[in-house]
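Read the structure below first, then the notes.
When reading the values below, keep in mind they use all heavy atoms of this one structure, side chains included, and skip hydrogens, waters and symmetry mates.
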Amino acid sequence: MAAPAPDPQPDPDPVRDTSPGPGPVHDTPPGTGPGHGHGPERDSPPGTAPDADARPGTDPDGTDAEAPPRPDPLTVPSMSAGPDFVLRPWEMSDLPLIREAAQDPYIPLITTVPSRYSDRAAEEFVRRQWDRAATGAGYPFAIVRSRDRRPVGAIGLWLRDLPEGRASIGYWMVPYGRGQGVTRAALRTVTGWALRDLGIPRLQLFIEPWNTASARIAVDVGYRHEGLLRGWQQVGDERRDMAVYGLLNSDGPVDGRAVASN
């Protein structure tokens, strides 16, 4: 998984890969463990929702300063991720997916998936995904199998750092969805859409160094390993290193097509 961004406790979401092996590339934010990936946002976005109670501040000279404008609400689209899976907005019907994710030893550590499942906690999780889009923090997607509409994971594009020209992706996958190429297809789909259609200059993923499966997926999609960030993210009771993978709009084609639309 790739590390996802945290929830309105703001931060990125992890991403995971679910193939056999040490583990993949932030529901989003950086992920560790099989089937997980990370990204600067935890299962919420790489973006943190603006404080709903934000009020005008005060300039150094004592005059009132207006609060910055809030981001516009985002509409999360539905997209095909290959012939067998689709990405779509979260629904209350996705509670069984959250129940399965809550039983995973790693997903609750790097996302806001509740570690102890209850219908109420799961419903709050879904509402957080809706809030992220409503506040402009990012685009949270459920990954769903086409033939029976069964959700198998999550991926998010987080926009907290968009003013600086970059965004992050995080994802996670439950065991049922792993080993089928789903994570790769979802990452390729969101990456191409973000670079081509949204015109984002830079995308990045954060992956724990041991998570070679996620690293392979990131490289397959076109991301480049750029270095190691020591003690970058809190995972459980400890701070862990994250390898950063980046992809620029100018780097070349994704999935056989030009990245930029211009």
Side-chain angles (χ1 to χ4, degrees), residues 1-5 12-39 41-43 79-88 90 93-115 117 122 125 129 140-157 169-191 205-221 223 235-236 240 242-243 245 255:
M1 287 198 199
D13 253 305
V15 177
R16 268 206 220 200
D17 178 353
T18 49
S19 342
V25 172
H26 187 342
D27 165 68
T28 47
T32 307
H36 307 31
H38 295 253
E41 303 249 333
R42 272 207 212 176
D43 87 1
M79 299 186 286
S80 171
D84 301 319
F85 294 89
V86 297
L87 310 180
R88 60 151 172 78
W90 281 85
S93 61
D94 295 329
L95 266 57
L97 171 63
I98 302 168
R99 179 190 295 275
E100 189 172 359
Q103 297 170 357
D104 186 274
Y106 188 67
I107 295 176
L109 291 179
I110 57 171
T111 72
T112 59
V113 168
S115 57
Y117 179 86
F125 174 89
Q129 311 317 306
F141 297 93
I143 305 171
V144 180
R145 191 168 62 183
S146 304
R147 72 171 183 267
D148 57 6
R149 299 183 180 179
R150 177 170 178 172
V152 297
I155 187 166
L157 173 66
I169 296 178
Y171 50 85
W172 51 262
M173 193 75 56
V174 296
Y176 181 82
R178 298 173 191 169
Q180 306 174 52
V182 187
T183 303
R184 183 177 283 99
L187 179 59
R188 181 177 288 117
T189 298
V190 174
T191 296
L205 303 172
F206 299 86
I207 304 170
E208 290 201 57
W210 60 263
N211 199 343
T212 58
S214 282
R216 282 197 303 271
I217 288 175
V219 171
D220 285 350
V221 172
Y223 288 81
V235 177
R240 295 189 184 175
M242 291 290 164
Y245 291 77
D255 197 20

Say you draw a straight line from [atom1] of [X] to [atom2] of [Y]; how long is it, rounded to the nearest 0.5 Å?
X: Ile155; Y: Ile143; atom1: CD1; atom2: CD1; answer: 5.5 Å
X: Leu109; Y: Asp104; atom1: CG; atom2: CG; answer: 9.0 Å
X: Ile98; Y: Tyr117; atom1: CD1; atom2: OH; answer: 6.5 Å
X: Ile217; Y: Arg188; atom1: CD1; atom2: CZ; answer: 10.0 Å
X: Met173; Y: Leu97; atom1: CE; atom2: CG; answer: 9.5 Å
X: Met79; Y: Thr189; atom1: CE; atom2: OG1; answer: 6.5 Å

For residues [X] and [Y], determine if any side-chain heavy atom of one lies less than 4.5 Å from a side-chain heavy atom of the other.
X: Tyr223; Y: Leu187; result: yes
X: Val235; Y: Met242; result: yes
X: Arg240; Y: Pro209; result: no
X: Arg147; Y: Asp84; result: no

List the atom of [X], the atom of [Y], and the distance in Å for their closest heavy-atom pair.
X: Ala101; Y: Ile107; answer: O-CB, 3.8 Å
X: Val221; Y: Arg184; answer: CG2-O, 4.1 Å
X: Pro83; Y: Ser146; answer: O-OG, 4.1 Å
X: Ala81; Y: Ala185; answer: O-CB, 3.7 Å
X: Ala218; Y: Ile207; answer: CB-CD1, 4.1 Å

(message) Checking side chain to side chain donor-acceptor pair (under 3.5 Å) between Asp94 and each of Arg88, Gln129, Arg99, which is the one that passes?
(response)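 That would be Arg88; it is the only one of Arg88, Gln129, Arg99 passing the side chain to side chain donor-acceptor pair (under 3.5 Å) with Asp94.
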(message) What verdict does the side-chain contact (heavy atoms from CB on, under 4.5 Å) test give for Ile110 and Trp172, after you've listed the backbone C-alpha separation in whole Å, the side-chain angles of each residue and the deciding distance to 0.1 Å?
(response) CA-CA 9 Å; Ile110 57 171; Trp172 51 262; 5.6 Å; no
